[in-house]
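The sequence lines fix the lettering, A, B, ..., with proteins before strands; numbering per chain opens at 1.
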Protein chains: 2
Amino acid sequence: MLSIQEISNILIEQNIKPSFQRIKIYEFLLKNNIHPNIEIIYSNLSKGIPTLSKTTIYNTLKKFEEKGLILSVNIDEKEIRYDAILKTHGHFKCESCGEIFDFDYNYNDIKFKGLENFILTKTDVMVKGICNKCKLKNKK
Amino acid sequence: MLSIQEISNILIEQNIKPSFQRIKIYEFLLKNNIHPNIEIIYSNLSKGIPTLSKTTIYNTLKKFEEKGLILSVNIDEKEIRYDAILKTHGHFKCESCGEIFDFDYNYNDIKFKGLENFILTKTDVMVKGICNKCKLKNKK
DNA sequence: GTATCTGCAAAACATTTGCAATTCT
DNA sequence: AGAATTGCAAATGTTTTGCAGATAC
């Protein structure tokens, strides 16, 4: 796990001034690979930082995404979720329990027919369905 | 292009009572393959149906999606878009002009590693970037 | 001491809900 | 008449904006 100093250095490398709030938010994303929404980040961090505001979280996540430090995940119609894992992967949302799972796929396997001259900057494979746990639960 | 009668029959087949509003909304989606949001559907159809309310459009699209007649497209963080094309395809959003393009890909090319026992009900490949037209425009 | 960052309060939107009026059979 | 549909108005919930005070270099 990364130290505060290491996290701070990552922010500086990305041209983001490492404030206390920003370090804590990025640390939370790194430690909790749960594609959190603003609410989850807020309720977890505000315990330790009572003055933390949601506006700061919104501002921070927007800046992180602009700088390429994190990705927003749009699989949930209602709210934006965030992911600090930059390695290519897809997202599965279980429509029964609501949980979001990462899965691997091979980017080069996909032939994007019709986008030959386009510049592709972000790809996300979004899958919905029922996860194995819920599938077994519902069988009973 | 389908007649009102044919559209009506499609709705009946899907167990949807073919009201005037529903027929017009589905007809709009079929005729305009532009992944419209609620606002676009409303502003276009309310010319011909002055009493049409957005609530009805929301209700209708929700019902259409439940019954498998259309798909919601979530590539735009801000709002839901709708698509009457059910054939497997991906969506590309140009971050310069905002337009959404369909593209083809081969579903069977993708190996979903880690979802082996899951039930997959909906897959969408979402790509963002710059479309060719905007790419050329920006070069000047 | 000037830029930036933070956070409160209010605004802005998309979507949902409650409910009464309308329509259809 | 009875059931479903429509649509207005209000509520909800997420994200954005304006701005004043705090913080950092």
Participant: Is the gap between the ring centers of A/F112 and A/Y107 under 6.0 Å?
Facilitator: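 Yes: the rings meet the under 6.0 Å criterion.
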Participant: Within the pair A/Q21 and C/dG7, is there a side-chain N or O less than 4.0 Å away from OP1 or OP2?
Facilitator: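 So the side-chain polar atoms of A/Q21 do come within 4.0 Å of the phosphate oxygens OP1 or OP2 of C/dG7, strictly under.
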Participant: Within the structure, does a side-chain N or O atom of A/T56 lie under 4.0 Å from either OP1 or OP2 of C/dG7?
Facilitator: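 So the side chain of A/T56 is within the cut-off, an N or O lying under 4.0 Å from OP1 or OP2 of C/dG7.
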Participant: Expressed in angstrom and rounded to an integer, what is the separation of B/K67 atom NZ from D/dA4 atom P?
Facilitator: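 The distance from NZ of B/K67 to P of D/dA4 comes to 12 Å, rounded to the nearest Å.
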Participant: How close or far is atom C1' of C/dT15 from atom CG of B/N74, stated in whole angstroms?
Facilitator: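 Atom-to-atom, B/N74 to C/dT15, this comes out as 13 Å.
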Participant: Under a 3.5 Å cut-off for both distances, is D/dT15 Watson-Crick or wobble paired, and to whom?
Facilitator: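 Its partner is C/dA11.
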Participant: In this structure, how many angstroms lie between the C1' atom of D/dG7 and the CD1 atom of B/I25, rounded?
Facilitator: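 It is 12 Å, rounded to the nearest whole Å.
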Participant: Can you name the one residue among B/Y26, B/Y82, B/F28 that meets ring pair (Phe, Tyr, Trp, His ring centres under 6.0 Å) with B/F64?
Facilitator: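 The single option meeting the ring pair (Phe, Tyr, Trp, His ring centres under 6.0 Å) with B/F64 is B/Y26.
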Participant: Starting at CD1 of B/I57 and ending at C1' of D/dT5, how long is that distance when rounded to a whole Å?
Facilitator: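 Roughly 14 Å, once rounded to whole Å.
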Participant: Kindly check if the number of other-residue, nucleotide or ligand heavy atoms within 6.0 Å of NZ (A/K133) is above 12?
Facilitator: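 Result for NZ/A/K133: open.
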Participant: So which nucleotide does C/dT2 pair with, by the Watson-Crick or G-U wobble rule with both distances under 3.5 Å?
Facilitator: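 C/dT2 is paired, partner D/dA24.
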Participant: Can you say whether the rings of B/H91 and B/H89 are parallel (under 30°), tilted (30 to 60°) or perpendicular (over 60°)?
Facilitator: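 Perpendicular: the ring planes of B/H91 and B/H89 meet at over 60°.
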Participant: Using whole Å, what does the distance between atom P of nucleotide D/dT15 and atom CD of A/E77 come to?
Facilitator: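 For the pair A/E77 CD and D/dT15 P, the rounded distance is 13 Å.
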Participant: Does the pair B/K128/B/E77 count as a salt bridge with the N-to-O cut at 4.0 Å?
Facilitator: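 Salt bridge present between B/K128 and B/E77.
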Participant: Pick the closest DNA chain D nucleotide for A/K17 and for B/L52 by heavy atoms, then say which residue is nearer the 5' end.
Facilitator: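 Counting from the 5' end, the first nearest nucleotide belongs to B/L52.
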Participant: Does the side chain of A/T51 get closer than 4.0 angstrom to OP1 or OP2 of C/dG7 through an N or O atom?
Facilitator: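 Checking C/dG7 against A/T51, a side-chain N or O does come within under 4.0 Å of OP1 or OP2.
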Participant: What is the separation between atom CD1 on B/I16 and atom P on D/dT5, rounded to the nearest whole Å?
Facilitator: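 Distance check: B/I16 CD1 to D/dT5 P gives 10 Å.
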Participant: Rounding to an integer number of Å, can you tell me how far B/I23 CD1 sits from C/dC24 P?
Facilitator: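 B/I23 atom CD1 is separated from C/dC24 atom P by 11 Å.
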Participant: C/dC5 P sits how many Å from A/F64 CZ, rounded?
Facilitator: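 Going from A/F64 (CZ) to C/dC5 (P), I get 11 Å.
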Participant: Report all interatomic pairs (protein N or O, nucleotide N or O of nucleotides 16-19 of chain C) with separations under 3.5 Å.
Facilitator:
from	atom 1	to	atom 2	distance (Å)
C/dT16	OP1	A/K78	NZ	3.3

